[in-house]
Amino acid sequence: MSTQASTTRMEKIVSLCKRRGFIFQSSEIYGGLNGFWDYGPLGAELKRNVKELWWKSMTRLRDDIVGLEATIIMHPKVWQASGHVDTFSDPMSTCRACKKLVRSDQVWDMLETTPWAQAVRDAAPEGKPDPEALLKWAKGKGLRAVPNFAFVKEPEAILARVAAHTADWDAHGQALMQILSTADAAGPLAMPCPHCAGELTEPRPFNLMFKTYVGPAATEEDIAYLRPETAQAIFVQFKNVVDSTRVKVPFGICQIGKAFRNEVTPRNFTFRSREFEQMELEFFIKPDEVVQAQTGSVAAFAPDAPHTEPQPNWGWELWHKYWVEERFRWYESVGLKRSSLEEYWQKPDELAHYARATVDILYKFPFGTQELEGIAARSNFDLTQHQTHSGKSMEYFDQEANLRYVPHVIEPSAGVDRLILALLCEAFEEEEVTDEKGQTETRTVLHFHPRVAPIKVGIFPLLKNKPDLVKKAIEVRDLLRPLMNVFYDDGGAIGRRYRRQDEAGTPFCLTIDFDTIGENGPEKEGTVTLRHRDSMTQERVRIADLPALLMAKIS
RNA sequence: GCGGGUAUAGCUUAGUGGUAAAGCUCCAGCCUUCCAAGCUGGCUAUGAGGGUUCGAUUCCCUCUACCCGCUCCA
């Protein structure tokens with residue numbers, strides 16, 4: 001899809017979301033708030049359905065996973081142990097030339113291995129600049145390699161500043177490098193961009209964690225954070241769950257909940273938001289050594305073998321693979337085609353320091369193929385961290401193996417809001433429809449899987465000025481209402497009402513007509529028209545059969 | 001945070017330094033025997049703040065939000 005077409009498609013989806021009440025801008029009447037979105041009536045139903053299906057597939061349909069619902073604000077030490085306090089607050093600089101965003105504290109490290117920076121260091125033995133060598137480089141190789149470098153642009157003027165420098169030169173050449181990077185003699189000293197040698201802006205703090213204060217005093221000691229992920233709560237409560245539920249490794253703890261990140265750039269509608277919801281599972285497994293000791297071997301990965309039935313001799317690799325496959329199956333069950341998804345194995349240099357392997361499940365959004373879920377093999381990093389920081393043992397006693405160990409973990413971690421957006425993108429279609437008169441028109445329809453559709457069935461009396469039809473329609477509504485989300489509508493022509501439900505993604509509509517109330521003979525009495533959203537076909541169904549028929553389709 | 005673009009009704013668009021226009025949607029009524037029919041009536045808008053001006057939706061500035069890049073990994 002071209003950029004133009006994909007942007008237009010995305011705009012249409014955003015517009016539909018607002019028009020029909022799926023997603024609104026947060027605080028819209030005050031101008032909105034960057035990175036925050038609300039779900040309207042239809043969106044709220046859609047999201048509830050999705051979360052419910054995930055929760056059900058994790059907890060109720062399995063006997064090896066239990067649920068948890070923890071608080072958003074936790075002890076600040078949790079985030080020190082997890083590493084978030086360190087990794088989520090970086091000073092950042094932007095390059096004025098190439099506009100890249102760089103972590104300020106990594107600039108000097110990055111320059112260590114940069115060829116052009118090495119050339120500059122070569123022209124300054126022991127950190128003491130050699131003006132002739134520098135000038136030669138600036139007018140030759142430097143000019144070709146890093147034309148954005150301030151020194152290359154004005155070698156003579158900056159060399160004069162180097163000569164006027166009276167303080168000591170440091171052996172790493174940082175003082176020299178800063179003078180060479182700074183274009184404005186009157187301004188503060190700059191750092192060079194490791195990518196293009198352009199001038200970097202002043203470091204600015206980027207705190208990705210939202211801070212708040214616990215208690216009214218609001219002093220430094222009261223600082224707490226809104227959780228940037230739900231996973232840590234699971235690790236923190238690991239012991240309590242083990243002690244209270246009789247679970248045995250391998251087992252999982254799952255949680256759905258809000259998380260908060262002060263993103264640099266919220267973008268792409270709800271895709272990257274500052275307040276978002278996660279569905280995370282931490283699946284605890286035996287360390288490979290324990291599996292080895294118990295079963296004599298750790299099963300090796302075989303590319304063609306299915307990994308649908310867990311085995312006692314599985315090590316982390318097979319458990320990881322198992323969860324990747326499970327998660328793909330689940331995405332297909334809520335209506336994302338396998339062909340719309342991609343599986344991406346992170347390269348070794350992309351892996352977080354704690355991860356042995358991470359697979360991303362990506363969805364082909366109109367704005368690009370982007371991550372819905374990451375499935376990480378995290379070893380026992382997190383539990384060990386919390387053991388160290390809290391001083392409390394996170395060891396599990398394995399009766400079968402007669403061993404004590406800190407379990408390893410496989411973490412499938414999904415973004416709910418991203419999934420909702422993917423479902424909307426997947427479902428959205430503008431169809432050309434030709435009517436009886438040969439006129440073509442556009443039918444906007446959301447092809448949600450009935451399982452996730454916000455409204456399951458629309459219920460219409462064919463005509464609203466015929467009390468018998470209305471009365472019967474209300475009876476049908478009351479019959480189905482306790483079982484599923486129904487929408488009763490008697491406004492406008494019947495075709496209009498069908499189309500309204502198409503835009504809402506309602507898979508079924510029922511029309512109560514004169515046959516239903518027995519005007520055309522007893523054999524048709526008690527039947528209604530069941531209209532299907534995707535095919536627009538109709539069938540005749542007995543009212544008495546509706547509950548079972550519809551329940552089968554939506555569950 | 002940086003660069004580029006955009007901002008008029010619920011949606012899509014028009015227009016103007018002097019009363020803001022239309023289509024669709026929505027609401028009410030009439031009509032209507034299965035795919036956005038018709039008739040009548042109705043609600044609703046210049047993102048926020050400041051400046052220039054007798055007068056600003058229009059010109060200028062600031063802010064905010066959205067879209068596209070840099071960045072990001074739920």
Side-chain angles (χ1 to χ4, degrees), chain A residues 3-4 6-8 10-12 14-16 18-21 24-36 92-103 195 201-206 208 228-231 259 261 263-269 271-273 276-280 344 346 350-352 358 360-362 367 370-374 376 411-419 433 435-437 439 441-444 460-466 469 491-503 509-515 519-520 528-529 531 533 536-538:
Chain A
T3 308
Q4 184 76 48
S6 61
T7 303
T8 310
M10 207 51 220
E11 280 169 0
K12 283 176 176 168
V14 172
S15 164
L16 173 68
K18 181 170 185 196
R19 186 168 71 245
R20 305 305 315 209
F24 305 128
Q25 227 181 341
S26 164
S27 326
E28 197 193 82
I29 60 168
Y30 289 102
L33 191 58
N34 193 349
F36 296 89
M92 304 285 273
S93 298
T94 317
C95 173
R96 294 190 208 275
C98 71
K99 309 298 180 197
K100 286 204 165 118
L101 203 58
V102 190
R103 276 179 58 173
H195 303 284
T201 57
E202 292 276 296
R204 259 182 296 269
F206 275 66
L208 261 57
E229 61 171 41
T230 55
R261 293 185 193 176
E263 290 291 343
V264 181
T265 315
R267 194 59 68 81
N268 288 325
F269 198 30
F271 182 79
R272 176 166 290 111
S273 307
F276 58 100
E277 200 154 14
Q278 293 183 304
M279 305 186 292
E280 293 195 300
Y344 177 77
Q346 287 192 8
E350 295 172 321
L351 291 173
T358 298
D360 292 337
I361 296 179
L362 313 173
F367 49 81
Q370 300 272 359
E371 186 182 353
L372 285 182
E373 167 159 351
E411 176 194 88
S413 167
V416 185
D417 308 272
R418 293 178 169 193
L419 173 52
V433 185
D435 66 17
E436 292 152 1
K437 298 173 199 123
Q439 303 262 317
E441 57 183 11
T442 307
R443 180 172 86 116
T444 304
F460 317 138
L462 183 60
L463 300 173
K464 91 164 158 183
N465 58 358
K466 298 286 185 291
L469 294 179
I494 191 73
R496 176 186 295 277
R497 283 177 266 165
Y498 285 147
R499 297 301 173 83
R500 276 200 280 249
Q501 291 309 309
D502 289 341
E503 267 199 351
C509 292
L510 300 173
T511 298
I512 284 75
D513 61 12
F514 293 95
D515 287 355
E519 280 200 4
N520 300 315
V528 296
T529 302
R531 183 261 194 184
R533 174 196 63 201
M536 298 202 291
T537 54
Q538 303 186 339

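Naming: A, B, ... by sequence-line order, numbering from 1 per chain. Computed from a prediction, not measured in an experiment: that's the story for all the values here.
- Salt bridge status for A:Arg499 with A:Glu441: present, with a side-chain N to carboxylate O gap under 4.0 Å.
- Distance noted for atom P between B:C73 and B:G5: 29 Å (whole Å).
- Look at the C1' atom in both B:A48 and B:C54: the space between them is 25 Å, to the nearest Å.
- B:A45 and B:A21 have their P atoms separated by 12 Å, given to the nearest Å.
- Residue A:Arg267 places none of its side-chain N or O atoms closer than 4.0 Å to OP1 or OP2 of B:U71.
- The gap from the P atom of B:G50 to that of B:A56 amounts to 12 Å, rounded to the nearest Å.
- Distances shorter than 4.0 Å separate none of the side-chain N or O atoms of A:Asn520 from OP1 or OP2 on B:U33.
- Here A:Leu372 lies in heavy-atom contact (under 4.0 Å) with sugar-phosphate atoms only.
- B:U62 is paired with B:A48 under the Watson-Crick or G-U wobble criterion, all donor-acceptor distances under 3.5 Å.
- For the C1' atoms, the distance linking B:C24 with B:U44 amounts to 14 Å, nearest Å.
- Judged by distance alone, the side chains of A:Gln538 and A:Thr529 never bring a donor and an acceptor atom under 3.5 Å apart.
- Rounded to the nearest Å, the gap between the P atom of B:U57 and that of B:G49 is 11 Å.
- Every residue meeting the side chain to side chain contact (heavy atoms under 4.5 Å, CB included) condition with A:Asn465, not counting sequence neighbours, appears here in chain and number order: A:Leu463.
- Out of B:U33, B:C35, B:C68, the shortest distance to the side chain of A:Asn268 is found at B:C68.
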Anything under 3.5 Å between a protein N or O and an N or O of nucleotides 61-65 of chain B, put it in a table, one pair a line.
from	atom 1	to	atom 2	distance (Å)
B:U64	O2'	A:Gly31	O	3.4
B:A65	OP1	A:Asn34	N	3.3
B:A65	O4'	A:Gly31	O	3.0
B:A65	O3'	A:Gln25	NE2	3.1
B:A65	O2'	A:Gln25	NE2	2.4

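- With hydrogens and angles left out, the side chain of A:Arg497 and the base of B:C34 share no donor-acceptor pair within 3.5 Å.
- For the P atom pair drawn from B:U6 and B:C60, the interatomic distance equals 12 Å after rounding to whole Å.
- Across the P atoms, B:A36 and B:U25 are found 11 Å apart, a figure rounded to whole Å.
- The aromatic ring of A:Phe276 stacks onto the base of B:A74, its centre lying under 5.5 Å from the centre of the six-membered base ring with the two planes under 30° apart.
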Name the pairs: protein N/O against N/O of nucleotides 21-30 of chain B, kept only if under 3.5 Å.
from	atom 1	to	atom 2	distance (Å)
B:U25	OP1	A:Arg496	NH1	2.8
B:U25	OP1	A:Arg496	NH2	3.2
B:C26	OP1	A:Arg500	NH1	2.5
B:C26	OP2	A:Arg496	NH1	3.0

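- Judged by distance alone, the side chains of A:Thr511 and A:Tyr498 do bring a donor and an acceptor atom under 3.5 Å apart.
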